[in-house]
Amino acid sequence: MVGARGRSRTSAVRLLRVSETPEIHESDVPEQMRVRREKRDRIIADGGEAYPVSVDRTHEIADVKAAYTGLEDGEETQDVVGVAGRVVFIRNTGKLCFASIQDGTGERLQIMLSLAEVGEDSLAAFKADVDLGDHLFAKGRAIKSRRGEVSVFATEWAIASKALRPLPVLHKELSEESRVRQRYVDLIARPLARDTVRHRATMVRSLRDSLHSRGFIEVETPMLQTQPGGAAARPFITHMNAYDIDLYMRIAPELFLKRAAVGGIEKVFEINRNFRNEGADSSHSPEFSMLEAYEAYGDYSTIGRLTQDLVQGAAQDVFGTQVVTLADGTEYDLGGEWAHLTMYGSLSEAIGEEITPTTPVEHLEMLCDKAGLKVDPKRVNHGKLVEELWEHHVGDTLTAPTFVRDFPVETSPLTRDHRSIDGIVEKWDLYVRGFELATGYSELVDPVIQRERFEQQARMAAQGDDEAMRLDEDFLTAMEHAMPPSGGMGMGIDRLLMALTGLGIRETILFPLVKPQED
RNA sequence: GGGCCUCUAGCUCAGCUGGUAGAGCAGCGGACUUUUAAUCCGUAGGUCGUGGGUUCGAGCCCCACGGGGCCCA
């Protein structure tokens, strides 16, 4: 602790030293920034405040608009309100100025300043000091303008916070790059960006509420792990100085949630971040949020039912309907009972010949060749090939929400064998709009078979499969204390929001990772 | 990993077959007491992502690198 504090003090000092020698080359600063900086300096030099500690806000914009929308055009009241928001529109005419302020919800309210009401000096100061993008406070009577807009006719005004950079043009879309690099600007400028933040919050609350109401207990399990497990993925590696050991950012919480289940938390879930050291594209982010839930004395069917209920409940809570309207304007129906099909059955039907867990690898390779599929030679086995074929022949054709059941055993080392069919496991993947939204298992709880599965994975790793799972002795010890028969599921939170809205993953994550720009 | 598109003023974008860089908004100065992306007059603003190359001459053509997007694997 002491050491840590000492270090942070050192870095604070270093930071201070840097900020004491600001190297601002005046000629490099765009004119608009220079002008605003000069305004800030002048306001302060004149004894004013560009960043006051508080302003006398008495009303929210939405409340003012709601209370006075019934006024006649041009009607004035004597009710005095204090409002604040960011200036998004300004019109400085000779003796009557207009400004529209916007708050965090996107609600806007017009402020009017007249020479008669505020006097010459105040009006001149307003024109000189207030820019688009500033936070502005205004106090005055609530009125409706002659043109019928609810307004505050100011008797006092103050800059609540001076913006040193200009706003972008609010009538054009920001470029996609600016949207993610400067999300704060995106949030100011684009209503859909604000909506997405709120939709996500509502959705996550809906999931939590649904789970809590069913008796699930939310826990938090380690993100820094001594051994990464629970999924097939490459981890991020970091280092802990105090113990001088490498740690891994978790790729999944599964192995810890199962330890919790062993300990008797019979209905358990976690909503939290996972990290996978892989590529990023329109549906993958290196850090993403995931819900995992485990239900003792359930199986993959009961957990599938729960998953459908959670998703449908989220759609209902966010949009009030299970027929959601996507970003491109199309409708997507999440309602009703979702289709179920089996992996081997649907693949056999699609290619017109019977594929079973005993179909030889050579034959599957031939089928892959025929379909033009290239499989990483380090990862060739029956299960991989069947999944590749299935994705190509069936997965890509799925649009309606569909549970795909009964996977090959090789790719599912944490799932129990099917209760009646050899060579497959009790696992489903949920496909929504063609992408994988969730997965569910009848959990493997036999510690002896679990050890064999890990050993099988170790052999795959030895052949060069860098996504193969690693044997986790501590986890096996927990399992040897007996985990109750359980159903478990995992669902991507970002992907659920993608499914509900039709947005890309970088729009569903508030601050997605962006590569630094080199000058 | 491969292919295609893209990077120009604070923002959004034009820029023809290679010939000294343009608009709208915003900015600055001015007019205007009911404006809604006001209007009008005037004005400033650029190392065209970075680095090479071809050329008498490159925003434009070629190569490499970087950022972003889309498609494929």
Side-chain angles (χ1 to χ4, degrees), chain A residues 25-39 42 71-76 87-102 108-120 122-124 126-134 143-154 163-186 188-190 278-284 328 368-369 371-379 388 391-392 395-396 434 503-507 512-519:
Chain A
H25 307 286
E26 284 303 318
S27 56
D28 292 348
V29 179
E31 185 200 13
Q32 299 197 45
M33 283 185 63
R34 214 176 56 236
V35 166
R36 284 167 182 250
R37 207 169 289 210
E38 285 163 8
K39 288 180 180 181
R42 192 186 62 235
L71 297 180
E72 299 291 319
D73 290 0
E75 186 178 351
E76 304 197 353
V87 176
V88 291
F89 176 88
I90 197 162
R91 181 117 302 127
N92 289 337
T93 60
K95 301 187 179 70
L96 181 66
C97 296
F98 299 86
S100 291
I101 57 174
Q102 171 179 295
R108 293 182 177 188
L109 180 67
Q110 179 164 274
I111 308 299
M112 296 166 66
L113 287 101
S114 75
L115 177 64
E117 201 85 15
V118 300
E120 201 169 320
S122 175
L123 192 70
F126 182 86
K127 290 181 191 178
D129 296 346
V130 179
D131 288 307
L132 277 174
D134 294 352
I143 67 162
K144 204 168 208 180
S145 74
R146 284 181 210 164
R147 294 299 187 88
E149 184 156 344
V150 174
S151 306
V152 171
F153 208 69
L164 297 185
R165 289 177 186 263
L167 282 181
V169 178
L170 296 176
H171 317 105
K172 301 263 190 183
E173 293 254 295
L174 269 183
S175 66
E176 290 185 66
E177 187 170 358
S178 304
R179 282 192 208 168
V180 291
R181 283 195 190 277
Q182 296 185 284
R183 182 71 83 195
Y184 43 90
V185 175
D186 189 32
I188 295 164
R190 197 164 56 97
E278 293 163 358
D281 61 32
S282 54
S283 64
H284 294 82
D328 64 3
C368 280
D369 277 350
L373 297 172
K374 285 183 211 127
V375 181
D376 183 346
K378 288 174 184 161
R379 312 246 290 267
E388 289 287 340
E391 275 173 35
H392 177 74
D396 291 347
L503 297 169
I505 198 164
R506 277 157 77 90
E507 300 288 332
L513 182 74
V514 281
K515 277 200 196 175
Q517 272 173 324
E518 292 172 21
D519 295 312

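If you take CG of A/L123 and C1' of B/rA31, they are 14 Å apart, rounded to a whole angstrom. The interatomic distance linking A/N92 (CG) with B/rU39 (P) rounds to 15 Å, in whole Å. The separation between A/I143 atom CD1 and B/rU33 atom C1' is 12 Å, rounded to whole Å. With rounding to whole Å, A/E38 atom CD is found 15 Å from B/rG27 atom P. Across the protein-nucleic acid pair, A/R146 atom CZ and B/rU34 atom P stand 6 Å apart, rounded to whole Å. Rounded to an integer number of Å, the gap from A/Q32 CD to B/rG46 C1' is 14 Å. For the pair A/R36 CZ and B/rC11 P, the interatomic distance rounds to 13 Å; values are reported in whole Å. To the nearest angstrom, C1' of B/rC28 lies 15 Å from CD1 of A/I90.
Closest contact between the side chain of A/R181 and the listed nucleotides B/rA44, B/rU33, B/rG67 involves B/rG67. Considering only side-chain atoms of A/H171, the nucleotide from B/rA37, B/rC28, B/rC11 that sits closest is B/rA37. Counting only heavy atoms from C-beta on, A/K172 has its side chain closest to B/rU12 among B/rU12, B/rG27, B/rG68.
When the P atom is compared between B/rU36 and B/rC25, the two are found 13 Å apart, to the nearest whole Å. If you take atom P in B/rG18 and the same atom in B/rG52, they sit 23 Å apart, rounded to whole Å. When the P atom is used for both B/rC11 and B/rA73, the distance is 37 Å, rounded to whole Å. Between the P atoms of B/rG3 and B/rG45, the separation comes to 43 Å (whole Å). Spacing of C1' atoms, B/rC16 relative to B/rG1, comes out at 38 Å, to the nearest Å. For the P atoms, the distance from B/rU47 to B/rA9 is 9 Å, rounded to whole Å. Separation of the C1' atoms belonging to B/rU12 and B/rC65 is 27 Å when rounded to the nearest angstrom. Between the P atoms of B/rC61 and B/rU17, the separation comes to 10 Å (whole Å).
Nucleotide B/rG27 is matched to B/rU43 when pairs are restricted to Watson-Crick or G-U wobble geometry with both distances under 3.5 angstrom. A 3.5 Å limit on both hydrogen-bonding distances identifies no Watson-Crick or G-U partner for B/rU34. Partner assigned to B/rC65 is B/rG49, using Watson-Crick or G-U wobble distances below 3.5 angstrom. When both distances must be under 3.5 Å, the Watson-Crick or G-U wobble mate of B/rG1 is B/rC72.
In terms of position on RNA chain B, the residue among A/A116 and A/A128 whose nearest nucleotide sits closer to the 5' end is A/A128. Nearer to the 5' terminus of RNA chain B, by closest-nucleotide assignment, is the contact made by A/P168 (compared with the other of A/F153 and A/P168).
Using a 4.5 Å heavy-atom threshold, the side chains of A/C97 and A/L123 count as touching. Between A/V185 and A/S178, the closest side-chain pair of non-hydrogen atoms is not below 4.5 Å. Inter-residue side-chain proximity for A/R146 and A/D73 is flagged as unmet; no heavy-atom pair is nearer than 4.5 Å. Contact of the A/C368 side chain with the A/H392 side chain is not registered, since no non-hydrogen atoms from C-beta on lie closer than 4.5 Å.
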Between the protein and nucleotides 69-73 of chain B, which nitrogen or oxygen pairs are less than 3.5 angstrom apart?
from   : atom 1 : to     : atom 2 : distance (Å)
B/rG69 : OP1    : A/R506 : NE     : 2.7
B/rG69 : OP1    : A/R506 : NH2    : 3.2

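When the shell of 6.0 Å around CZ of A/R165 is examined, it contains 12 or fewer heavy atoms from other residues, nucleotides or ligands. Within 6.0 Å of NZ on A/K172 lie no more than 12 heavy atoms contributed by other residues, nucleotides or ligands.
Across all strands shown, A/S178 has heavy atoms under 4.0 Å from sugar-phosphate atoms exclusively, and none from any base. Residue-level contact check: A/L167 touches neither bases nor backbone, having no heavy atom under 4.0 Å from any strand. A/K39 comes within contact range of the sugar-phosphate backbone alone, with a heavy-atom separation under 4.0 Å but no base atom that close. Across all strands shown, A/S100 has no heavy atoms under 4.0 Å from either base or sugar-phosphate atoms. Contact annotation for A/Q110: base contact, defined as any heavy-atom pair under 4.0 Å involving a base atom. When heavy atoms are screened at a 4.0 angstrom cut-off, A/M33 is found touching no nucleic acid atom at all. Residue-level contact check: A/R165 touches neither bases nor backbone, having no heavy atom under 4.0 Å from any strand.
Expressed to the nearest 0.5 Å, how far CG of A/L71 lies from CD1 of A/I143 amounts to 9.0 Å.
For A/R506, there are no side-chain hydrogen bond (donor to acceptor under 3.5 Å, both in side chains) partners at least two apart in sequence or on another chain. Residues satisfying the salt bridge (charged side-chain N to carboxylate O under 4.0 Å, His left out) criterion with A/D129, sequence neighbours excluded, are A/R42.
Between A/E507 and A/R183 a salt bridge is recorded (basic side-chain N to carboxylate O distance below 4.0 Å).
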